[in-house]
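Presented below is the structure to which this report refers.
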Amino acid sequence: MSAISLRAPVTPAAGLRGPIRVLLRQHRRSLWAAGALLVLGIAIVVGLRIWVAVASSDELCADGDITRCGDDTYQPTYARAAAEAYLSGGGTVVLLLAGLIGVFVAGPLIARELESGTFRLAWAQSVSPAQWLAARLALPAALVTAGVTVLVLVYRWGWSGLRSNPYAYGLGWYENGIHPALGPTAVAYALLALAVGALCAVAVRRTVLSMSLTALVLGTVMLGFGKRRYELWPTARFLGDNWPGGDAWQIEWGMLTASGKEIYWKDCFRAGTEDTASCLRDQGGITYFTDYHPASHFWPIQLVETGILLALAALAVALAFRVLRRRHG
């Protein structure tokens, strides 16, 4: 029996160890930089919470007011106002981070090797094209999932401590600058960015063009969800003159006629009418209505958006392997 026949079969997991070790050596500086950014993000959130706690000695009221309680003036400490301002952009930071991940995968991680031809060295060392690409997806996916999960948990801790204040400004769970950073949607955006970057890289095979195309695709997806997130789950309807409370996300409002026809405020606004209430009543409106998302809709919206993003990511990964297989076997 020959020596070749005695060789143990190589499992897929074992086949990925070599390429992954090579990746870790090649991009160790990028990994250190990513780790430093993660630590910096965590330190900023923790530092803001500590700053607010220390400055709370100047607060005269339970709601954080530093003026006389019960009057018509509300003035928070500088620490609280600054913390609210910084944390109100947490979701935007997560989306930018996802974009950077996608651009890095599309450019330095995959497209640069395809453009320069250095991938042939790995393929000549018993590493198949599929294993080569799998290593460049598996390692970033594991690191991104772990890192973004930690960042989301820390951000939720920092956000919840300030959101409990009834006068907190710009910290609603539904805000575009907040929502993406409060749950699994953040991880899904990062994984989608990774998948889109890989697809653009193997399809275009040019570093700069792949990075640009990845940024364009991700920007379109993020902008689309930001504009249409309220449609991911059916709204509730509140009838009456008052607004629904409980941290509700108001979507639309107007009046109902006797027959149940809906008349929307924006129709009067477009007509240039200053007195919206009179305009609605002149058209037969008798009862105010408000379509909104209560706070209980946070998780359904998060999970639906996460599911869509993960499905898109899976499709992008499948297409990336298909394109690689058709071009290189």
Side-chain angles (χ1 to χ4, degrees), residues 12-13 16 19-20 23-24 27 30-31 33-35 37-38 41-42 90-111 130-156 176 178-204 210-226 228-229 232 299-324:
L16 291 179
I20 287 177
L23 274 180
L24 290 173
H27 300 283
S30 299
L31 292 175
L37 286 176
L38 176 63
I42 293 173
T92 303
V93 172
V94 165
L95 295 183
L96 290 175
L97 178 62
L100 289 176
I101 292 170
V103 168
F104 173 77
V105 171
L109 197 63
I110 298 178
Q131 289 176 328
W132 178 85
L133 181 58
R136 279 154 179 76
L137 290 174
L139 178 62
L143 296 177
V144 162
T145 300
V148 175
T149 299
V150 172
L151 192 60
V152 167
L153 293 175
V154 174
Y155 178 77
R156 279 190 65 93
N176 284 337
I178 297 288
H179 192 272
L182 292 180
T185 300
V187 178
Y189 271 113
L191 294 178
L192 174 64
L194 194 157
V196 170
L199 176 58
C200 292
V202 299
V204 179
S210 298
M211 295 168 70
S212 302
L213 183 58
T214 298
L216 177 61
V217 172
L218 292 176
T220 302
V221 172
M222 293 170 182
L223 182 62
F225 274 105
R228 296 294 179 180
R229 182 171 288 120
L232 296 178
W299 280 111
I301 294 174
Q302 270 272 330
L303 295 178
V304 169
E305 185 172 354
T306 299
I308 295 173
L309 293 173
L310 291 179
L312 293 175
L315 177 61
V317 168
L319 289 175
F321 276 100
R322 182 178 179 85
V323 171
L324 187 69

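Just so you know, these numbers use all the heavy atoms, side chains as well, and skip hydrogens, waters and symmetry mates. This is a predicted model, so every value here is computed, not measured.
A heavy-atom distance below 4.5 Å is found between the side chains of Glu305 and Tyr189. Contact check for Leu109 versus Pro140: side-chain heavy atoms found under the 4.5 Å cut-off. When side chains are defined from C-beta on, Tyr155 does not count as touching Val94, because their heavy atoms never get closer than 4.5 Å. Put simply, the side chain of Leu151 reaches to within 4.5 Å of the side chain of Leu97, judged on heavy atoms.
Closest of all the heavy-atom pairs between Ala188 and Thr306 is CB-CG2, 3.8 Å. Across every non-hydrogen atom of Leu182 and Arg156, the tightest pair is O-NH1, 2.7 Å. In this structure, Val105 and Ala198 approach most closely via the heavy-atom pair CG1-N, 3.8 Å. In this structure, Gly99 and Leu218 approach most closely via the heavy-atom pair CA-CD1, 4.0 Å. Minimum heavy-atom separation, Val103 to Thr214: N-CG2, 4.0 Å. Residues Leu95 and Met222 share a closest heavy-atom pair of O-CE, 3.4 Å.
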Next item on the list: Report the C-alpha separation of Val221 and Leu309 in whole Å, then their side-chain angles, then the decisive distance to 0.1 Å, and conclude whether the side-chain contact (heavy atoms from CB on, under 4.5 Å) test is met.
Entry: CA-CA 9 Å; Val221 172; Leu309 293 173; 4.1 Å; yes
Note to self: What verdict does the side-chain contact (heavy atoms from CB on, under 4.5 Å) test give for Leu232 and Gln302, after you've listed the backbone C-alpha separation in whole Å, the side-chain angles of each residue and the deciding distance to 0.1 Å?
What the structure shows: CA-CA 9 Å; Leu232 296 178; Gln302 270 272 330; over 6 Å; no
Next item on the list: Output, in order, the C-alpha distance, side-chain angles, deciding distance and verdict of side-chain contact (heavy atoms from CB on, under 4.5 Å) for Val304 and Trp299.
Entry: CA-CA 8 Å; Val304 169; Trp299 280 111; over 6 Å; no
Margin query: side-chain contact (heavy atoms from CB on, under 4.5 Å), that's the test. Do Val317 and Phe321 meet it? Break it down for me.
Written below: CA-CA 6 Å; Val317 168; Phe321 276 100; 3.7 Å; yes
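Between the CZ atom of Arg229 and the CD1 atom of Ile301 there is a distance of 8.5 Å, given to the nearest 0.5 Å. The CG atom of Leu37 sits 11.0 Å away from atom CD1 of Ile42, with the distance rounded to the nearest 0.5 Å. Within the model, atoms CG of Leu324 and CD1 of Ile110 stand 9.0 Å from one another, a figure rounded to the nearest 0.5 Å. In this structure, CG in Leu38 is found 10.5 Å from CG in Leu143, a value given to the nearest 0.5 Å. Distance check, rounded to the nearest 0.5 Å: CG of Leu139 to CG of Leu31 gives 6.5 Å. In this structure, CG on Leu194 lies 12.0 Å from CG on Leu199, to the nearest 0.5 angstrom.
The side chain to side chain donor-acceptor pair (under 3.5 Å) pairs that include a residue from residues 92-108 number zero, where partners must be two or more places apart or lie in different chains.
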